[in-house]
Amino acid sequence: MIFSSIALVAFISTAVQAHFQLQYPIPRGPFVQDSEPTFCDGYTNAVDNRTVFPLSNGVINMNSEHPLWSAGVIVSTYQNPINFSDFNSSSGYQLAVQFFQQSGEGDYCFPIDLATSNIAGVKDGANVTIQIVFDGGDGTLYQCADLTLSANVTTPTGTTSDCTNVTSSSSTATTTATSPSSTSSGSASKGVEVGSGVIAGVFSMLMLLSAV
Ligand SMILES: *[C@@H]1O[C@H](CO)[C@@H](O)[C@H](O)[C@H]1NC(C)=O
Ligand SMILES: *[C@@H]1O[C@H](CO)[C@@H](O)[C@H](O)[C@H]1NC(C)=O
Ligand SMILES: *[C@@H]1O[C@H](CO)[C@@H](O)[C@H](O)[C@H]1NC(C)=O
Ligand SMILES: *[C@@H]1O[C@H](CO)[C@@H](O)[C@H](O)[C@H]1NC(C)=O
Ligand SMILES: *[C@@H]1O[C@H](CO)[C@@H](O)[C@H](O)[C@H]1NC(C)=O
Ligand SMILES: *[C@@H]1O[C@H](CO)[C@@H](O)[C@H](O)[C@H]1NC(C)=O
């Protein structure tokens with residue numbers, strides 16, 4: 001009885017809160033839903049078993065649980081970045097992927113080319129940390145991965161094979177089929193609200209980053 005209530009509450013909070021899970025490269029630690037609104041999903045220290053990651057033409061694979069979202073990637077060249085300041089230079093965010101908006105739930109892959117990011121210290125053999133900044137319209141979420149950059153590796157096959165870059169129309173169809181409370185007309189009529197929510201979210205994301 002208690003267990004099923006807890007499960008129900010967990011299910012409801014999963015359903016109403018937009019989250020994402022970094023699939024590749026492997027994040028600092030296992031996904032912790034409640035910590036995702038905080039720096040690096042609550043993991044404040046870099047790991048030693050870093051992913052050897054392509055300096056050029058890398059790919060990030062993440063699962064979005066929200067139909068409309070925005071994301072970007074910031075980079076730290078510190079060995080052990082512990083706060084948001086460590087992801088800034090004197091001229092501001094060290095952005096490796098500019099913030100972009102996307103619709104669709106599911107595994108989504110996007111390119112990251114650190115070699116052309118113009119961030120001081122980004123080079124073959126460097127230890128860096130990337131932080132994915134995600135906003136599904138109800139707050140900013142963060143996950144980090146600690147990397148050693150290499151000019152000699154490419155993205156391993158298999159790490160991006162699940163990417164379907166799904167669109168909201170296909171995920172709406174799935175949601176409609178499995179959830180009686182969610183109809184396609186309902187989500188269609190909310191499109192404008194969700195859109196402005198994401199834009200407001202991007203602003204709050206920028207405010208949050210500037211506040212720390
Ligand atoms: C990169 O990190 C690894 C593991 O933390 C460490 O052993 C290595 O010395 C570091 N390399 C550089 C170039 O700092
Ligand atoms: C580092 O090691 C931990 C513990 O074995 C493992 O769970 C994690 O996936 C590893 N991380 C990477 C990036 O390989
Ligand atoms: C962030 O961490 C660095 C060490 O990596 C430290 O020098 C700096 O004071 C910290 N900044 C804030 C705002 O806590
Ligand atoms: C990072 O840079 C942004 C953009 O210039 C700035 O608004 C923010 O205050 C900086 N954050 C930190 C933690 O230094
Ligand atoms: C879609 O996913 C593929 C990997 O399957 C990736 O190479 C591509 O860049 C993605 N498309 C966009 C627009 O990000
Ligand atoms: C990539 O290859 C070059 C040339 O062999 C080598 O000097 C360099 O250390 C390699 N990079 C890494 C990260 O192993």
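Keep in mind the model is a prediction, meaning the values are calculated, not measured. Every number for a ligand or one of its atoms is a count from 1 in the order of the listing.
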Sub-4.0 Å atoms of ligand 4 with respect to non-hydrogen atoms of Ser85: 13 (C)
Ligand-side contact atoms (ligand 4) for residue partner Asn88, heavy atom cut-off under 4.0 Å: 1 (C), 2 (O), 3 (C), 8 (C), 10 (C), 11 (N), 12 (C), 14 (O)
Check step by step if side-chain hydrogen bond (donor to acceptor under 3.5 Å, both in side chains) holds for Glu36 and Tyr142. CA-CA 5 Å; Glu36 211 176 27; Tyr142 308 93; over 6 Å; no
Quick check: are there more than 12 heavy atoms from other residues, nucleotides or ligands sitting under 6.0 Å from CZ of Phe31? yes
Separation between OG1 of Thr154 and CG of Asn57, rounded to the nearest 0.5 Å: 9.5 Å
Considering only heavy atoms of Thr51, which atoms of ligand 2 have at least one such atom less than 4.0 Å away? 13 (C)
Atoms in ligand 4 flagged as close to Gly92, the criterion being non-hydrogen separation under 4.0 Å: 2 (O), 4 (C), 5 (O)
Any idea which atoms of ligand 3 are less than 4.0 Å away from a heavy-atom of Asp86? 1 (C), 2 (O), 3 (C), 4 (C), 5 (O)
Within a distance of under 4.0 Å, is there any protein heavy atom near atom 11 (N) of ligand 2? yes
What I want to find out is whether Asp146 reaches Arg28 closely enough, with some N-O distance under 4.0 Å, to be called a salt bridge. yes
For atom 9 (O) of ligand 2, find the nearest protein heavy atom and state the residue, atom name and distance (0.1 Å precision). Ile26 CG2, 3.8 Å
Can you list the atoms of ligand 3 that are under 4.0 Å from a heavy atom of Ile82? 2 (O), 5 (O)
Which residue and heavy atom of the protein sit nearest atom 5 (O) of ligand 2, plus the separation: Asn49 ND2, 4.7 Å
Could you tell me whether the side chains of Ser85 and Asn88 share a donor-acceptor contact shorter than 3.5 Å? no
Given Ile132, Asn63, Asp135, the one that forms side-chain contact (heavy atoms from CB on, under 4.5 Å) with Phe20: Ile132
With side chains defined as the heavy atoms from C-beta onward, is the minimum distance between Ser117 and Leu95 less than 4.5 Å? no
Considering distance alone, does some N or O of Tyr78 sit under 3.5 Å from an N or O of ligand 3? no
